[in-house]
Student: 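Here it is: the structure, laid out below.
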There are 4 protein chains.
Amino acid sequence: MAATKREAILEAALDLFVEKGVSAATTREIAEKAGTAEGNLYRHFESKDSLARHLFGECAGRFRKRLVDAAAGASSPAEKIGALVRAMFAFASDEEAAFSFIILSHHTEFASGPIRNPQPLPRDVFGEVIRSGIDRGVFRPVDPNLGTAWIVGMTQRAITFARSGRIECPKEETVERTVEAAIRLLEP
Amino acid sequence: MAATKREAILEAALDLFVEKGVSAATTREIAEKAGTAEGNLYRHFESKDSLARHLFGECAGRFRKRLVDAAAGASSPAEKIGALVRAMFAFASDEEAAFSFIILSHHTEFASGPIRNPQPLPRDVFGEVIRSGIDRGVFRPVDPNLGTAWIVGMTQRAITFARSGRIECPKEETVERTVEAAIRLLEP
Amino acid sequence: MAATKREAILEAALDLFVEKGVSAATTREIAEKAGTAEGNLYRHFESKDSLARHLFGECAGRFRKRLVDAAAGASSPAEKIGALVRAMFAFASDEEAAFSFIILSHHTEFASGPIRNPQPLPRDVFGEVIRSGIDRGVFRPVDPNLGTAWIVGMTQRAITFARSGRIECPKEETVERTVEAAIRLLEP
Amino acid sequence: MAATKREAILEAALDLFVEKGVSAATTREIAEKAGTAEGNLYRHFESKDSLARHLFGECAGRFRKRLVDAAAGASSPAEKIGALVRAMFAFASDEEAAFSFIILSHHTEFASGPIRNPQPLPRDVFGEVIRSGIDRGVFRPVDPNLGTAWIVGMTQRAITFARSGRIECPKEETVERTVEAAIRLLEP
DNA sequence: CATGAATGAGTTTTCATTCAT
DNA sequence: AATGAATGAAAACTCATTCAT
């Protein structure tokens, strides 16, 4: 369970935002699920929108940390890419709701305008690894942002498809084949 | 402009749903943007939710038609894959809002539960092409759904990144490099 | 009764604002008293505060009209002052709530800051009459605004005292003695 | 600064009640401005309403004392009236918020009904002076309450106008002219 | 005495939907 | 078909008051 009421609110909100979307999730439901009074939400967060933004920041931060750690634990650029893709699968599995919320947030703007990057985003990690691989000549030259789009996009969709049961092969294999496919995209 | 009021409503709703999400777009805004009275929405559609579902069906149908036509116009499986990726880019560019709405609909459920497949979905087209390529031995063996996930995911993200200006190379090149990358994923 | 719902809302709000103050009167009470749904308030006015401001404008306008008409109907400055004082008593008696609301509004700021003069205020009428009396030599020289303060203040208080039953002499006499006292203040 | 927390609360509440009205000032704001915790308000006062009533009692008491002292320091009725008017100006200037709060309280009822006179009110002082002046034949016969209404009303308005910068002549002169005008009202 | 998180009943406001015209 | 005022249920948000620490 959550250590503090504040955390309980964040957890409840995360689940509900993912389940029904930010604007369809009501403060009443969030409070109820968090085991607190509705008004108490507003002691901890300015508004529902601010709660959503805060949550996005937290989730993106946790995700990014996982990616950074994964990349740090591998040596060659190709191994780093593999580690990143595996880390995406692992994060999506360990923190299902957080992962979904990050994806969701790309498609639904919050009430008070789009999210301004207050911190480096998860995807930046990919760009750096690709760039360094190209510099060392082990990856073919591609716009690092385009490479990021490819790998992040294919991995995210593979995760989503796997989750919804559309892919028949065992999960372990899905991960490894996706890792191999991602590296294939960058090989000279 | 829209030929009929009904079309005007569909157009206005599409724009607003994409801009702020289905539940955050109000019927009042939709009516205003469509240049009609709020109550008139209910002469054409049962409810806001039904309007959204109808819209999804229309957009997905148009998208699927583009993909089917594209695949039909190419002969080899590899050419078909290339044609499909190009068609995704083209559709995203011609029907910006429709494309965004399709993507968005994957992440936000409508009020009355998830969308039930009333018709074949765009992604099914990819699966069939991949399957036939594998059968003919020109693609390596992969779960066709996994292959679909990869290609649809990478292409969609490339489109999104390109739209938001994060990719520097010219649009034409982004398309062709993505086509080539998609085929690379399936080559033996 | 009120001809339209909008007027019914204005009337109900006026009574309640005077009775309990703007911030203590609730939109629910207002709607109930106006015989309409709470939400309908917001079709006619942006917010409770905007309703209060609008009401102030209306009441002040009606009051001012009464004063202007009264002054126009008298010839000499002293008669004009007498007519103005009598008009204040008459307005307070005919439109009890409106008069009270004007007074109240001087002491309680609306939520969104003080009222900016969007139109000439009732008190301006006094200033002009006093100024012209001084110019013609029938009034002694005083700052016209100070003279206005005196007469408006004494009259308003006399009305309030009379209303609350603190003054024993008959109403008619209260009015005439106040008229005479006001003129006395300005005589050379 | 305030010597005790209790006084700090009273001071903060007074300022806020005057600024936005009793019901619009929140306990949170009051506590914050007083530099204490919200809950602490309830150690010193039963409720917000009780705090407001207490404050009214205090302010009215201080005001009354100033008036009583002023009247006591003058000998003839006319001099007493002059002293009273000067004392009103002085009090309004020394204790700006307290004066405003007294005025405000005439127009806005507290939550639990109107203020019951628990003590003689400031205005009573005027009544007595006027009565005694009439008895001694130095004032013309008027209902003493009506006379009070005139003088209190004109003085209060003069103060309000002067405060808001609408009167051009120097403050000292405003006071003396108002004193002279008040006496004029009562002269035979 | 002091704190400030927590409460819950209340408030203002919103909005999909209906309906008389 | 079209309108837009009206509805009412539910939303977000507020705030006086309580209470464990």
Student: Which residue, His44(C) or Gly35(B), contacts DNA chain F at a nucleotide closer to its 5' end, judged by nearest heavy atom?
Tutor: Gly35(B)
Student: With a 3.5 Å limit on both atom pairs, tell me what dA20(F) is paired to, counting Watson-Crick and G-U wobble, or say none.
Tutor: dT3(E)
Student: What is the distance from CD of Glu7(C) to P of dA5(F), rounded to the nearest Å?
Tutor: 15 Å
Student: Taking the inter-plane angle between the rings of His107(C) and His107(D) on a 0 to 90° scale, is it parallel (under 30°), tilted (30 to 60°) or perpendicular (over 60°)?
Tutor: parallel
Student: From CD of Glu32(A) over to C1' of dG8(E), roughly how many Å is that when rounded to an integer?
Tutor: 14 Å
Student: Once you round it to whole Å, what is the distance between C1' of dC13(F) and CD1 of Ile9(A)?
Tutor: 14 Å
Student: Measure CZ/Phe45(A) against P/dT14(F) and give the value in whole Å, please.
Tutor: 15 Å
Student: Are side-chain heavy atoms of Asn40(C) and Lys5(C) found at a separation under 4.5 Å?
Tutor: yes
Student: Tell me whether Lys33(C) contacts the main-chain N or O of Asp15(C) through its side chain, where contact means a donor paired with an acceptor under 3.5 Å.
Tutor: no
Student: If we only count heavy atoms from C-beta on, is the Leu14(B) to Val18(B) side-chain gap below 4.5 Å?
Tutor: yes
Student: Over how many whole Å does the gap from Leu16(A) atom CG to dA12(F) atom P extend?
Tutor: 11 Å
Student: With heavy-atom distances below 4.5 Å as the criterion, would you say the side chains of Ser100(C) and Arg163(C) are in contact?
Tutor: yes
Student: Rounding to an integer number of Å, can you tell me how far Leu41(D) CG sits from dC15(F) P?
Tutor: 15 Å
Student: For the pair Phe91(A) and Phe99(A), name the ring-plane relationship: parallel under 30°, tilted 30 to 60°, perpendicular over 60°.
Tutor: perpendicular
Student: Which whole-number value in Å describes the distance from Arg6(A) CZ to dA6(E) C1'?
Tutor: 15 Å
Student: Where along nucleotides 16-21 of chain E does protein come under 4.0 Å, by heavy atom, of base (B) or sugar-phosphate alone (S), with - for untouched nucleotides?
Tutor: BBB---
